[in-house]
Enquirer: 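First the structure, then my questions, so here it is.
Small disclaimer: the values here were computed from a predicted structure and weren't measured.
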Amino acid sequence: MTWLYMIILTFSVLTLFFVYKDYKKHKFTQKSFALVCFMESAVIIITSILIAISFVQ
């Protein structure tokens with residue numbers, strides 16, 4: 001199950017990276033960038049916690 005969490009974490013980080021690059025090119029408004037950033041950050045934090053829990057078990 002850890003591999004699934006790693007895939008989710010990888011794609012979440014990549015999504016955040018590419019959205020940031022588009023935001024710097026002014027393709028996103030600040031409001032939409034903040035929303036996407038908040039949601040992706042939540043996914044990254046939750047997935048990191050799940051990875052840590054899977055290593056403990």
Side-chain angles (χ1 to χ4, degrees):
M1 193 74 164
T2 305
W3 60 272
L4 181 62
Y5 296 143
M6 294 297 284
I7 291 172
I8 293 170
L9 185 63
T10 302
F11 281 105
S12 296
V13 170
L14 285 174
T15 301
L16 195 58
F17 174 72
F18 288 122
V19 167
Y20 178 73
K21 283 178 60 175
D22 285 344
Y23 173 70
K24 284 296 186 182
K25 293 178 184 176
H26 303 290
K27 293 183 180 179
F28 276 94
T29 63
Q30 185 176 5
K31 188 175 182 179
S32 63
F33 173 71
L35 180 66
V36 170
C37 187
F38 174 74
M39 293 171 65
E40 286 294 328
S41 297
V43 169
I44 291 170
I45 291 169
I46 291 169
T47 306
S48 299
I49 292 170
L50 290 172
I51 288 172
I53 290 172
S54 71
F55 280 136
V56 171
Q57 292 179 352

Enquirer: Using 0.5 Å steps for rounding, measure from the CD1 atom of I51 to the OH atom of Y5.
Expert: 9.0 Å
Enquirer: Sub-3.5 Å donor-acceptor pair from the side chain of S32 to the main-chain atoms of F28, do we have one?
Expert: no
Enquirer: Using 30° and 60° as the class boundaries, would you call the ring planes of F33 and Y23 parallel, tilted or perpendicular?
Expert: parallel
Enquirer: Would F18 end up clustered with M39 when hydrophobic side chains under 4.5 Å apart are linked, directly or stepwise?
Expert: no
Enquirer: Taking all heavy atoms of C37 and all of L16, pick out the closest pair and write down the distance.
Expert: CA-CD1, 3.8 Å
Enquirer: Is there a path of hydrophobic side-chain contacts, each under 4.5 Å between heavy atoms of I, L, V, M, F, W or Y residues, that connects M6 with F11?
Expert: yes
Enquirer: Roughly how far, to the nearest 0.5 Å, is OG1 of T2 from CD1 of I7?
Expert: 11.0 Å
Enquirer: When rounded to the nearest 0.5 angstrom, what is the spacing between CD1 in I49 and CD1 in I44?
Expert: 12.5 Å
Enquirer: How far does CG of L9 sit from CD1 of I46, to the nearest 0.5 angstrom?
Expert: 12.0 Å
Enquirer: Report yes or no: do I53 and W3 belong to one cluster of Ile/Leu/Val/Met/Phe/Trp/Tyr joined by side chain heavy-atom distances under 4.5 Å?
Expert: no
Enquirer: Taking all atoms of both residues into account, what is the closest heavy-atom pair of T47 and V43, and its distance?
Expert: OG1-O, 2.7 Å
Enquirer: Examine L4 and F55 and state if one hydrophobic cluster contains both, with Ile, Leu, Val, Met, Phe, Trp and Tyr joined whenever side-chain heavy atoms are less than 4.5 Å apart.
Expert: yes
Enquirer: Mind checking the CG-CD1 spacing from L50 to I45? Nearest 0.5 Å is all I need.
Expert: 12.0 Å
Enquirer: Between S12 and T15, do the side chains contain an N or O donor and an N or O acceptor separated by less than 3.5 Å?
Expert: no
